[in-house]
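I have placed the structure first, in the form of structure tokens, so that the comments after it can refer back to it.
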Amino acid sequence: MINSIENAFGIKIDKLKKLSGYDNENYLLVSGKSKYILKKYPFTKENHKLVTAENDCLQFLNKEDPSIYPKPVSGIEGSLTEILSINKKKYVFRILSYIEGKFLGEVNHDKKLFNSLGSFLAKMNKLMIKYNNDAISSRIWEWDIQYLHLNNKYIDDIPKAENKKLVLYFFQQFEEVVFPKLPYLRKSIIHNDANEWNILTNKGKVTGIIDFGDLAYSQLVNEVAIAMTYGSYDKDDPLHYSTIILESYHKILPLKKEEISLLYYLISAMLCISVCNSAHSRKNNPKNKHALISEKNAWKMLIALSKLSPVYVENHYMKSLGFTVKKKKKVNQLIKNRHKIISPILSLSYKNPIAMDRSAFQYMFDIHGKTYLDAYNNVPHVGHSHPKVIEAASKQMKKLNTNTRYLYDIIQIYGSRLLNKFPKTLNKIYFVNSGSEASDLAIKLALSYSKNKKIMVMENGYHGNTQRCTDISDYKFNNKKGQGKKDYIIKVPMPNEFNSKYSKGKNGIGIQYANDAIKNIENVAAFICEPILGCGGQVPLPGGYLNKVYNKIRNNGGVCISDEVQTGFGRLGNVFWGYEMYDVIPDIVILGKPMGNGHPIGAVVTTDDIANSFGKGVEFFSSFGGNPVSCAVGLSVLDIIEEENLQENAKNVGNYYMSELKKLQKQYKFIGDVRGSGLFIGIEIVEKNTKKPNTELAQKIKNNLREKHILVGTDGPFNNVIKSKPPICFTKENAKTVVDSIKDILKKL
Ligand code: PMP
């Protein structure tokens with residue numbers, strides 16, 4: 001090889017050292033006192049065309065500003081590329097001048113250096129705006145941000161489901177926000193790869209740039225977005241560092257508002273391209289470490305960006321460049337507007353309500369761009385805006401959405417998948433649109449099956465908002481303003497272990513409460529109860545309780561209903577359904593909330609016998625219940641729980657969360673009880689000495705947590721139990737944030 005190159009380029013080669021890491025082969029070539037870079041590519045027409053274009057661009061830049069860009073060296077016949085045969089294979093060779101300097105990746109980063117990076121790139125871009133090249137302009141490939149979608153095919157090469165979901169999330173954000181705007185942005189040929197191993201520095205300043213192999217005719221703003229990405233992705237405060245690059249770039253080549261507004265998405269797109277290609281390279285060639293260098297940092301920054309609102313980032317960049325940001329309406333005004341059309345009977349959370357704008361997984365973002373850690377909402381079970389749920393819904397919506405009077409596969413597939421989660425005896429399913437509808441239907445089923453007429457309900461129980469649901473929800477009918485208990489309702493005392501009226505005794509608290517419950521069991525068609533009483537203040541049922549009550553109900557011709565609207569779908573960690581905690585099998589199960597991750601869907605699961613008896617009555621039909629889109633959404637939720645191992649996560653993070661809260665309980669007597677299972681937790685706030693409910697303090701903690709950007713709720717008969725039931729992708733770090741913040745609040749009391 002050496003002889004052929006010496007002959008072709010007329011250069012005597014004293015030393016040739018292979019440089020590691022690049023896709024193509026690169027060598028350091030030493031000839032006398034001069035150093036060069038020799039580049040070798042397998043010969044293909046496409047490669048030849050592109051390196052010829054690259055040389056052309058480098059010649060253009062060198063004419064304008066020599067010494068900071070590699071200069072192509074011509075062969076003895078004047079050509080900048082030579083096609084040579086080595087061992088019967090054809091290769092393209094080219095030689096470039098060697099640019100001295102230390103890589104940006106190997107020096108300390110400070111403001112001066114990053115300032116010089118921004119201005120360096122802006123100066124280069126100002127030149128390149130004048131440059132045209134058809135070979136570059138017609139290039140369409142994965143490393144150009146405008147063609148992000150071409151990386152779709154690599155997403156499945158990412159091994160961890162929780163990483164995959166992040167990438168899918170940013171892909172969807174890009175498609176939604178950036179894609180429609182791309183055609184209207186300025187375009188130019190850009191270097192397109194200003195990463196820390198392509199930028200050269202000397203004495204704390206950027207002095208050169210190499211590797212023009214990624215040249216692209218792309219949106220101009222992509223150049224600075226790429227530099228901002230690689231300049232800040234290893235930093236704990238990426239916004240700070242990326243802003244320095246942006247400001248200095250903008251001083252020389254001013255950006256337009258519409259370009260700046262997209263930077264959040266362009267940076268995340270760049271990171272996605274990087275991690276997709278790393279995953280793909282790892283799969284194809286696990287030994288190529290170079291491709292993986294940037295992977296760790298790219299994930300770090302993607303995670304950091306998922307916690308930041310795009311609005312916050314946009315405002316930050318806009319302000320730093322001296323642009324004014326759009327003022328949002330004041331929350332007070334929004335409340336006034338709301339009350340003009342929406343009754344205040346629909347209450348708002350917090351003394352200082354939050355105007356929400358968007359969300360990602362366990363984070364919610366308000367209209368001002370503030371991030372809230374969502375430690376409260378259990379409807380977005382697998383995470384807010386989960387891309388797989390969105391994809392499932394929109395795909396099915398584009399294909400077919402109809403009702404259960406027609407045959408379609410997805411109801412069959414989803415129905416079977418869901419029923420597989422239950423014991424064999426629970427083998428019939430009815431789809432509805434909410435937990436309330438499911439509760440309502442469950443009572444209908446029970447009344448049609450049992451000859452009895454009364455419904456036995458739990459003190460502080462809540463089952464929904466319809467009239468029937470209100471009848472069976474002590475939480476509502478027993479409210480000061482409530483309708484009162486109807487005659488067909490039997491109410492049984494809440495079997496709480498904390499501040500219980502019973503001491504353990506030889507039978508245990510559960511049996512004593514069960515004995516209370518079964519005293520008056522005649523003519524009961526159904527007993528309905530949640531496995532952990534949510535509105536009761538996250539109260540788990542004591543051991544032995546359900547078993548005894550269920551037996552008695554059945555012996556008297558009634559059926560047992562478990563309301564799993566809050567507790568189902570793996571949230572409790574150890575079990576998928578709440579009733580499994582107590583070694584019982586209900587006759588009817590009610591599902592809702594988490595089932596569709598925010599899409600309105602509910603279901604009733606029951607036995608053959610009950611379904612048969614109901615089947616003899618009037619037709620049951622729900623216009624939307626069981627529609628294909630809802631089924632697709634529900635199916636995606638089941639898939640995600642499995643793929644991301646979320647039940648296990650609920651268990652591990654829940655155990656950690658609870659143990660940290662229990663440590664806090666030891667320090668602060670205001671915490672009377674910490675209870676629950678998995679990520680369904682209650683913290684009962686009490687008077688220090690008397691252990692009586694301390695509603696005021698619970699409200700104070702809730703409101704103070706809101707000021708610290710953490711969402712929780714309060715509930716229980718005295719509204720003194722802090723409820724935490726976050727999306728089950730919640731992490732230990734998230735749990736620690738909540739516990740530390742509660743500690744902080746209690747410390748200041
Ligand atoms: N059952 C329980 C236990 C619930 O918590 C709720 C809602 N909070 C419902 C039923 C009613 O569900 P939805 O609001 O979806 O109608």
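First listed ligand is number 1; within each ligand, the first listed atom is number 1. All values below come from the heavy atoms of this structure, side chains included, with hydrogens, waters and symmetry mates left out.
Relative ring orientation between Tyr550 and Phe527 is described as perpendicular, the plane-to-plane angle rising above 60° on a 0-90° scale split at 30° and 60°. Taking the six-membered ring where tryptophan is involved, the planes of Tyr430 and Phe614 are perpendicular, since the angle between them exceeds 60° and thus also 30°.
Salt-bridge annotation for Glu684 and Arg675: present, with a side-chain N of the basic residue lying under 4.0 Å from a carboxylate O of the acidic one.
Nearest protein neighbour of atom 7 (C) of ligand 1, counting heavy atoms only, is Lys593 CE, 3.3 Å. Protein heavy atom in closest approach to atom 16 (O) of ligand 1: Ser436 OG, 2.4 Å. In this structure, atom 5 (O) of ligand 1 lies nearest to the protein heavy atom Gln566 NE2, 2.7 Å.
Within ligand 1, the atoms closer than 4.0 Å to a non-hydrogen atom of Val565 are 1 (N), 2 (C), 4 (C), 6 (C), 9 (C), 10 (C), numbered from 1 in the order shown. Near Asp563, the atoms of ligand 1 lying under 4.0 angstrom from a non-hydrogen atom of the residue are 1 (N), 2 (C), 3 (C), 10 (C). Remark: ligand 1 atoms within the under-4.0 Å shell around heavy atoms of Glu530 are 3 (C).
Two rings, from His709 and Tyr372, have their centers less than 6.0 Å apart.
For a threshold of 3.5 Å applied to N or O pairs, the pair formed by Gly435 and ligand 1 contains at least one separation below that value.
Partner of Lys428 under the side chain to side chain donor-acceptor pair (under 3.5 Å) criterion, chosen from Thr606, Asp608, Thr607, Asn612: Asp608.
Side-chain atoms of Phe498 and Val721, non-hydrogen and from C-beta on, never get closer than 4.5 Å to each other.
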